[in-house]
Amino acid sequence: MPSGAVPPNLGPGATPPGEDWMTEADLEAWLDVVAAEGPPPDLDLSDTGPDDSAPPCDFDMEAIRSECRRIATEQVVAAEHIAQLGYTAVLAEAAASLGRRGPGQPGSAHRFPGEYGGPAGGFATGHLLDIAPGCSALTGSAERVAGDDDRFTGASDDELLGVISALDRAEASACSLKHAAVAELIRRRPAPGCEPQGPAAMPEGWDESAETELSYALADYRGTMASLTSRAYDLEVKLPGTKAAFRCGILRQYKVEIICRATELLDPEEARAAEKLVLDRAGRLTPAGLRSAIARAVIQVASDKARKRRQAAAKRARVERRPEYSGNAALMGRELPPAKVLAADQRINWWAQQLKEAGVEGTMDELRAIAYLDLILDLDSRPRADAKDDAANTDAAGSGSASSGAPDPFGPRTPPGSGRIPAGFIGRNHLTVPLPTLLGLADRPGELTGLGPVDPALARDLARASAAHPKTNWCFTVTDQEGRAIGHGCARPEPRGRRKRGHRKRGHRPRARAPGAGFNFTPEDRPGPPGGYGTWRFTAGVPGQPDLLIEIEPIAIDTCDHRREAKGHDPGVMLRHLTEIRHATCTGPTCRRPASRCDFEHNVPYEAGGRTCMCNGGPKCRREHRLKQDPRWKVEQLTPGTFRWTTPSGRQYITEPTRYPM
């Protein structure tokens, strides 16, 4: 190292721990310079002035020395932690070639001369902790700077931004280490016939149970864990440069995902060639910029594979729905033909413009959303007069818009729709509403299968719309204080000719009228199933529709009286239905597949003497069903409603009954 140089990553004035970085030749050269300059002037420090008094001094020199020692010690400790990371030669070389500039990375701010004596001085631009790669030492140093109140007292804006950037690198580094641990789990769970190979000693395939074990351990979707294992594999086998940037904190997980997804079709040599084209600037690119850059790199490296991937993905075209955090919903098309997507977008724009000209209020985004649903559901959200005029013009001229005269380039519009809640909703969805909410006596959230919780007002609107449809089925579930289903009954029309039991019947309670809703739920005086919750009458308040009777019987949660036990292997309709009410989804700890799309699975096999009963069965999807039959896995039905899963690693997870809105 040249004389006077500063060790890498340690900042000016800092000495690498445990290392004498000035060589003997450097020391001799420095001594020659000192000798040539001659002795320093002889200063008489005893002469303090004519009044023989000490010069004024407002500084506590001992406190200053103590603070300097503390800062120096913290920097050395941090440097030792950084030095102990033990990056491999491949990682160190790759990281050094990446540079440190980019969003959240140091090097873009001017460094101010002088001392940084505050508690966050090491995080100032260009200082030790500002240029250090991601590691646990950064987190510990940041915690000391934050203080007990997490207010970062004494840190300047520059230092605070340095803390934020350092923690971002530390977070990425920890996430990279998690991926390395997942890679090791893959090595320990190879698929049959897949032996570890290559420098990374990774098998080409791994047991599907590895993803399920991760899903249970992290309480996340199995699909998310499949992405995690695939990413861990690619980082070990195909993308060493991306792994190095990830471990150093230059790339956070989201950007690593972009690179891995883009290069998943490439072999290791092609993947390394593609990442090399973008890695030097990946840290400073936005996610959208990185997505475009790596997509171009993949096409440049293997254009034929990129074309084949696009064609193969088109066979997985689909429409997905999901809940929004606001309580609304999202609907999106995936893997659609690009030309048709552009054409559909143009049509949405056209109809949104018609809505705007017809006086529909809202931003262009809001109008596009209305237009999107109008076109899918064959609705017309323009004011009634405009829509009727347009319908008349359509009959006379074939197509067109009365409000603007602009023809629909995609064909004539249909007359206005029939209401807020489209008719297509009725009879095709599972809506759960607490009875007090339905009757207008309380405001508790409902739940819509496939979308999640809905607010009380929307729940009532959907229930009223459903009530108007004669094919709507009504079921009623009794829950305990924890929201678990302990009783259930399905409504049936009252048989014709049966005399209604009204107010004149002795002992009958008057019906509780819902304010403006039309719904009524009242007890009948005849008994329900033994041990159940009685017989009830339900009225939707729709003219012409008969009253419904519901006999509510118990659901086995803690004990079972075997009332619904089937004699053979297959469960009866009611037994299956009650187990699906008890567990609305697969009984796998993290599986969300609806119970109606699962198997009724015997916990103790029927062939081994197991009952076909609520105390020995429940819904399991096909994947969980297969895992349960694997001798490395064990599933126990501790109570009728509680399952305990033991994975090959020995960890245990409990599945309890579904918690319903109360």
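Throughout, numbering of the chain's residues begins at 1 and tracks the sequence.
Between the side chains of Ser326 and Asn328, at least one donor-acceptor pair of N or O atoms lies under 3.5 Å. A side-chain donor from one of Thr229 and Glu211 sits under 3.5 Å from a side-chain acceptor of the other. Side-chain polar atoms of Thr642 and Glu656 form no donor-acceptor pair below 3.5 angstrom. Side-chain contact check for His602 and Asn616: no donor-acceptor pair (N or O, by modelled atom type) lies under 3.5 Å. In this model, a donor atom of one side chain and an acceptor atom of the other lie less than 3.5 Å apart for Asn349 and Arg368. Under 3.5 Å, the side chains of Thr539 and Asp547 contain a donor-acceptor pair of N or O atoms.
Taking 4.0 Å as the cut-off between side-chain N and carboxylate O, Glu494 and Arg537 count as a salt-bridged pair. In this structure, Glu208 pairs ionically with Arg626, as a charged nitrogen and a carboxylate oxygen lie closer than 4.0 Å. Ion pairing between Arg318 and Glu320 holds under the 4.0 Å rule for side-chain N and carboxylate O. Ion pairing between Asp443 and Arg460 holds under the 4.0 Å rule for side-chain N and carboxylate O. A salt bridge between Asp380 and Arg382 is present, with a side-chain N of the basic residue lying under 4.0 Å from a carboxylate O of the acidic one.
Closest heavy-atom contact between Ala485 and Tyr660: CB-CE1, 3.9 Å. The shortest heavy-atom contact between Leu336 and Ala317 is CD2-CB, 4.2 Å.
Residues Arg576 and Pro619 fail the side-chain proximity criterion, which asks for heavy atoms closer than 4.5 Å. Side-chain contact between Glu601 and Glu624 is absent, with no heavy-atom pair separated by less than 4.5 Å.
Among residues at least two apart or in separate chains, there is no ring-ring contact (aromatic ring centres under 6.0 Å, His included) pair with a member in residues 545-567.
You'll find the ring centres of Phe476 and Phe521 inside the 6.0 Å limit. Note: Phe643 and His583 meet the aromatic proximity criterion, with ring centroids under 6.0 Å apart.
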